[in-house]
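The structure appears below as structure tokens.
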Amino acid sequence: MLKKLLLALALGMALIPSVHAQSIAFTFDDGPELVESPRMSPQQRNQAMLDALAKHKVKAALFVTVANGADRPAGLALARAWGQAGHAVGNHTMTHPDFHDAQVSLAQFQQELIACDAVISTLPGYQKWFRFPYLREGNVPEKRDGMRAFMKARAYRNAYVSLDTSDWRLNDKLIEVLESGNAAAVGPIREAYLAHVRQRAQAYRSLAHTLQGRDIAQVILLHHNLINAMWLDDMIAMFKQMGWTITTPEAAFADPVYQLVPERETAGQSLLLSMARSLGVGKFEGWSRLVDDGDHEIAALKAQGI
């Protein structure tokens with residue numbers, strides 16, 4: 001029944017004309033990170049991201065993983081700064097557990113949401129938005145449906161992602177080369193990162209046309225990390241040069257595509273990929289680049305001796 005409903009909705013909404021230019025909303029997971037990194041302190045990383053957003057007049061969303069820093073005064077202050085700057089603040093659990101792990105029960109996972117909510121609900125910008133760690137919504141019906149019912153009863157929105165990236169993988173490479181003192185590699189990593197995000201954006205836009213017959217409001221997943229502290233300004237400028245418009249997460253979530261609920265038990269990664277799998281769409285051109293966790297870019301850097 002769910003599959004039939006999903007298919008009917010997808011086919012119906014494919015008839016909705018595209019009335020706006022391609023738009024994108026920026027969201028950041030796992031913040032606020034208090035770990036040390038080369039070049040920037042946690043406070044400097046946080047401020048650099050906020051400065052880039054302010055420069056481009058972008059309102060974004062930070063999804064807080066409390067144990068990464070918000071359980072301490074210094075980290076909570078970083079999260080509060082996002083709300084004070086006019087950004088949304090959402091829930092990304094206390095400790096970032098994998099809901100597909102057999103050792104993580106439905107009750108334990110629900111408590112992760114409740115405990116995170118107790119911390120972030122006092123912050124400016126707080127929204128009842130929940131993003132699943134690893135975008136994994138439960139690998140068995142009992143978990144998946146139990147969590148969906150739990151969230152519905154508490155009026156929580158599933159903060160879906162349509163444009164998934166592997167920024168974390170390139171962030172690891174950036175930190176590796178900075179710690180090794182290989183400053184000459186920083187430029188190529190920047191170029192690889194921007195190319196990676198551009199490729200993902202174009203591929204997910206194409207997939208939206210395949211599934212919906214139109215441009216949807218894309219919601220991009222990035223992380224609260226060094227690579228975005230260094231190059232978020234460049235990334236936003238790149239999207240503008242591509243002709244994309246910047247919207248808010250709240251406006252993006254109003255797109256009817258985010259009302260769809262994938263049937264597939266092992267929903268994960270982009271909502272668009274989950275939809276494709278639920279509808280029985282097989283592997284398509286460019287599929288491997290969407291699920292490779294940045295392997296293509298890492299291999300290209302390795303070929304340059306990085």
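Everything numeric here is computed off the predicted structure, so don't read it as measured data.
Looking only at side-chain heavy atoms (C-beta outward), T247 and T245 stay at 4.5 Å or farther from each other. The shortest distance between side-chain heavy atoms of R39 and M230 falls below 4.5 Å. Residues Q269 and V291 form a side-chain contact, since some pair of their non-hydrogen atoms from C-beta on lies under 4.5 Å apart.
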Check: What's the verdict on salt bridge (Lys or Arg N to Asp or Glu O under 4.0 Å) for D233 and R190, showing C-alpha distance, side-chain angles and the deciding distance?
Finding: CA-CA 12 Å; D233 181 8; R190 173 187 173 277; over 6 Å; no
Note to self: Working note: M275 + Y160, criterion side chain to side chain contact (heavy atoms under 4.5 Å, CB included); need CA distance, chi angles, decisive distance, verdict.
What the structure shows: CA-CA 12 Å; M275 286 170 56; Y160 284 120; over 6 Å; no
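D30 pairs by the salt bridge (charged side-chain N to carboxylate O under 4.0 Å, His left out) definition with nothing, not counting sequence neighbours. Partners of D101 according to the salt bridge (charged side-chain N to carboxylate O under 4.0 Å, His left out) rule, which considers only residues two or more places apart in sequence or in another chain, do not exist here.
Residue L78 shares its hydrophobic cluster (ILVMFWY side chains chained together at separations under 4.5 Å) with L34.
Residue K173 comes nearest to L301 through the heavy atom pair CG-CD1, 4.0 Å, listed as atom of the first residue, atom of the second, then distance. Minimum interatomic distance between R289 and R200 (heavy atoms only, all atoms of both residues): O-NE, 3.1 Å. The two residues L221 and R131 come nearest to each other via the heavy atoms CD1-NH1, 3.8 Å.
By the 30° and 60° cut-offs, the orientation of the rings of F130 relative to F109 is perpendicular.
Aromatic ring centroids of F132 and F63 lie 6.0 Å or more apart.
By the 6.0 Å and 45° rule, R154 stacks over the aromatic ring of F150. In this structure, R136 satisfies the cation-pi test against Y134, with its NZ or CZ atom closer than 6.0 Å to the six-membered ring centre and inside 45 degrees of the ring normal.
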